[in-house]
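Computed from a prediction, not measured in an experiment: that's the story for all the values here.
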Amino acid sequence: MNIRSLNIALLVFSVLSTPCAFSSQLLYVSSSGENTILAYAVNQETGALALKFRTGLSSSPGFMTFSPDGTLLYVGTNQDGTAGVTTFQRNDDGSLSMRGEAQVTSSCTYMSTAKDGKFLLVCHYSAGEITIYRIVDGICTSELTEHKKTERTAHCIRFDPSGRFVFVPHTSPNKVYQFRFHSQDGTLTANDPPFVEGPDKNHKYHEPRHYVHHPKLDMAYTSNEFGGGITAWKFDPLTGTLKRLATLSTLRPQSIGKFYAADIGLTPDGRFAYVSNRDQNSRDPGDPKQDSLTGFSLNSKTGEMALVGSFPTPHAPRSFCIDRTGRFVYSAGTSTSTLFAYRIDQQTGSLEHFATYETGGGPMWVMCGDVKE
């Protein structure tokens with residue numbers, strides 16, 4: 001290869017591999033207190049946010065998820081005890097246009113779309129059940145294709161990378177349910193075994209809550225609600241089953257009292273994991289809450305976890321989002337109506353808080369999506 005060809009190849013590799021290859025991103029925040037979805041433009045160089053769109057709803061929004069191609073947004077809603085899913089079209093500039101509304105059996109705790117975009121999988125915390133709804137022309141309908149009772153506190157529902165297996169963490173019974181997904185008719189069958197146990201209840205950090213797969217390794221991770229923890233699981237891609245490996249605390253060593261982990265996220269390259277922790281202690285005025293985001297580095301070959309550190313975050317962080325480039329984190333505090341923005345140190349995984357934004361009342365879910373412009 002001559003020098004000119006080598007330089008061109010290196011330039012192409014640099015453009016494709018740089019995190020800034022994304023032309024534009026929006027950060028979406030569902031505000032339950034104001035019945036709105038806020039969309040912030042993300043500065044690709046600095047991570048700074050600027051409010052761009054505000055979309056009103058007739059009911060209170062909660063969890064959100066995109067269609068596989070990112071052109072649609074599904075929003076779980078609740079109004080006077082009636083639960084539903086609203087489908088929005090994401091326009092080229094990232095603004096939202098409502099396409100349809102569907103009624104569901106009960107309040108949605110978490111949702112995931114099948115890889116072909118034809119089904120929406122929902123878990124229901126209080127009811128202890130899983131439902132699947134048919135998607136027609138991109139719109140979620142009220143047509144049930146599956147309705148399974150599991151146990152109370154079904155908290156999350158996620159696919160494996162192949163889209164053939166489904167995992168549902170349950171906090172109180174301390175289990176992760178395992179299913180096989182049938183894409184032809186949108187149904188589930190229990191895997192063998194039907195569930196795996198979380199860390200022993202004598203352990204300080206049990207009750208799996210949220211779940212995520214590693215983008216490169218046959219590994220998965222859960223946040224463990226009780227006591228604040230993270231568990232690494234070995235994933236068998238042939239059988240679709242999990243084997244529990246290791247569990248670590250997600251709290252600062254000086255943390256005393258009631259703390260509960262909530263969300264978990266991995267950077268797109270799989271190098272770092274983060275878990276949000278909620279301080280549930282009663283504190284005197286002047287004694288600040290100790291909610292945090294805790295980071296872990298993940299071994300590139302084994303997925304083994306090593307603590308990076310804990311970083312202050314707004315009170316009661318139900319959700320946080322790692323941007324699509326893996327350079328920034330945004331964490332919402334449901335009890336403070338604020339959003340913290342952080343830079344991720346690309347060498348260590350530590351977080352630098354650089355800005356705070358007001359989001360309206362009760363920010364329930366935070367997620368980033370690409371836009372064409």
Side-chain angles (χ1 to χ4, degrees), residues 30 32 61-65 74-78 83 85 104-113 120-132 146-160 165-179 181 188 190-191 194-199 201 203 205-213 220-233 242 244 247 250 258-266 273-278 280 291 293-294 316-321 331-332 334 362-367:
S30 60
S32 62
F63 184 83
M64 303 184 292
T65 192
Y74 302 103
V75 182
T77 61
N78 203 304
V85 173
V104 297
T105 59
S106 60
S107 181
C108 307
T109 311
Y110 208 104
M111 303 183 294
S112 290
T113 50
L120 183 73
L121 284 67
V122 181
C123 66
H124 306 271
Y125 179 88
S126 297
E129 60 187 23
I130 303 165
T131 56
I132 302 181
E146 182 64 276
H147 190 172
K148 279 193 179 300
K149 293 289 291 185
T150 53
E151 296 183 72
R152 184 175 164 81
T153 70
H155 225 308
C156 175
I157 187 163
R158 296 291 298 265
F159 282 95
D160 80 303
F165 304 107
V166 172
F167 301 90
V168 187
H170 290 58
T171 51
S172 291
N174 193 40
K175 298 174 182 176
V176 179
Y177 273 77
Q178 307 179 129
F179 295 94
F181 176 68
L188 299 170
N191 211 332
F195 58 80
V196 287
E197 298 278 356
K201 289 196 174 185
H203 199 293
Y205 330 115
H206 60 277
E207 298 190 0
R209 174 184 167 109
H210 282 181
Y211 178 98
V212 64
H213 269 274
Y221 301 85
T222 57
S223 58
N224 298 333
E225 182 171 82
F226 187 87
I230 181 173
T231 293
W233 306 78
L242 300 173
R244 179 161 43 89
T247 298
T250 58
K258 294 181 180 180
F259 289 86
Y260 297 96
D263 203 10
I264 184 170
L266 270 61
Y274 299 91
V275 174
S276 58
N277 302 286
R278 298 167 296 169
Q280 301 296 307
D291 305 80
L293 286 183
T294 297
R318 179 179 174 84
S319 170
F320 68 90
C321 167
S331 176
T334 56
M364 295 295 292
W365 205 254
V366 185
M367 54 192 283

Visitor: List for me each residue that meets salt bridge (Lys or Arg N to Asp or Glu O under 4.0 Å) alongside E225, sequence neighbours excluded, and say none if there are none.
Guide: R209, R278
Visitor: If every non-hydrogen atom of P61 is compared with every non-hydrogen atom of S32, which pair is closest and at what distance?
Guide: O-CB, 3.6 Å
Visitor: Excluding sequence neighbours, so at least two apart, what forms side chain to side chain donor-acceptor pair (under 3.5 Å) with T334?
Guide: none
Visitor: Sequence neighbours left out, what passes side-chain contact (heavy atoms from CB on, under 4.5 Å) with Y205? Give chain and number order.
Guide: H203, T247, S249
Visitor: Run the side chain to side chain donor-acceptor pair (under 3.5 Å) test against T113 and tell me which residues pass, sequence neighbours left out.
Guide: none
Visitor: We want to know whether E129 and T105 form a side-chain donor-acceptor pair, criterion being a heavy-atom distance below 3.5 angstrom.
Guide: yes
Visitor: Step through the shown structure and confirm whether more than 12 heavy atoms of other residues, nucleotides or ligands are within 6.0 Å of NZ on K258.
Guide: no
Visitor: Considering all heavy atoms of both residues, which atom of F320 and which atom of G265 are nearest to each other, and what is their separation?
Guide: CZ-N, 3.4 Å
Visitor: Considering residues at least two apart in sequence or located in another chain, which fulfil the side-chain contact (heavy atoms from CB on, under 4.5 Å) criterion with T153?
Guide: Y125, H170, T171, S172, P173
Visitor: According to side-chain contact (heavy atoms from CB on, under 4.5 Å), who are the partners of T294, at least two apart in sequence or on a separate chain?
Guide: T250, N277, S292, F296, L307, S310
Visitor: Side-chain contact, heavy-atom cut-off 4.5 Å: R158 with V166?
Guide: no
Visitor: One pair to check against side chain to side chain contact (heavy atoms under 4.5 Å, CB included): I132 and L120. What are the steps and the verdict?
Guide: CA-CA 6 Å; I132 302 181; L120 183 73; over 6 Å; no
Visitor: List the residues meeting salt bridge (Lys or Arg N to Asp or Glu O under 4.0 Å) with K175, not counting sequence neighbours, and say none if there are none.
Guide: E151
Visitor: For F165, which residues count as a ring pair (Phe, Tyr, Trp, His ring centres under 6.0 Å) partner, sequence neighbours excluded?
Guide: none
Visitor: Students often mix this up, so state it plainly: with edges at 30° and 60°, are the rings of F179 and Y177 parallel, tilted or perpendicular?
Guide: parallel
Visitor: Please list, chain by chain and in numerical order, all residues satisfying ring pair (Phe, Tyr, Trp, His ring centres under 6.0 Å) with H206, sequence neighbours excluded.
Guide: F226
Visitor: From S276 OG over to D263 CG, what is the distance, rounded to the nearest 0.5 angstrom?
Guide: 5.0 Å
Visitor: Is there side-chain contact between V122 and I130, with at least one heavy-atom pair below 4.5 Å?
Guide: no
Visitor: What heavy-atom pair brings C156 and Y211 nearest, and what distance separates the two atoms?
Guide: SG-N, 3.7 Å
Visitor: Can you tell me how far OH of Y110 sits from CE of M64, rounded to the nearest 0.5 angstrom?
Guide: 11.5 Å
Visitor: According to side chain to side chain donor-acceptor pair (under 3.5 Å), who are the partners of Q178, at least two apart in sequence or on a separate chain?
Guide: none
Visitor: Start with the C-alpha gap between L242 and F167, add the side-chain angles, then the distance that decides, and say whether side chain to side chain contact (heavy atoms under 4.5 Å, CB included) holds.
Guide: CA-CA 9 Å; L242 300 173; F167 301 90; 3.6 Å; yes
Visitor: Got H124 and T131 here, is their nearest side-chain heavy-atom distance under 4.5 Å?
Guide: yes
Visitor: Show the nearest heavy-atom pair for residues T109 and R318, with the distance to one decimal.
Guide: O-NH2, 4.2 Å
Visitor: Closest heavy-atom contact between V75 and G62?
Guide: CG1-N, 4.4 Å
Visitor: Which residues pass the side chain to side chain donor-acceptor pair (under 3.5 Å) test with S107, not counting sequence neighbours?
Guide: none
Visitor: Using the side chain to side chain contact (heavy atoms under 4.5 Å, CB included) rule, take T222 and I264 through it: C-alpha gap first, then chi angles, then the decisive distance, then the call.
Guide: CA-CA 7 Å; T222 57; I264 184 170; 5.8 Å; no
Visitor: Would you say the side chain of F181 lies within less than 4.5 Å of the side chain of L121, judging by non-hydrogen atoms?
Guide: yes
Visitor: Working to the nearest 0.5 Å, report the span between OG of S223 and CD of E207.
Guide: 11.0 Å
Visitor: Working to the nearest 0.5 angstrom, can you tell me the gap between F63 CZ and M364 CE?
Guide: 11.0 Å
Visitor: Side-chain contact, heavy-atom cut-off 4.5 Å: N174 with P208?
Guide: yes
Visitor: Once side-chain contact (heavy atoms from CB on, under 4.5 Å) is applied, do any residues pair with R244, and if so which ones, sequence neighbours excluded?
Guide: P199, T231, W233
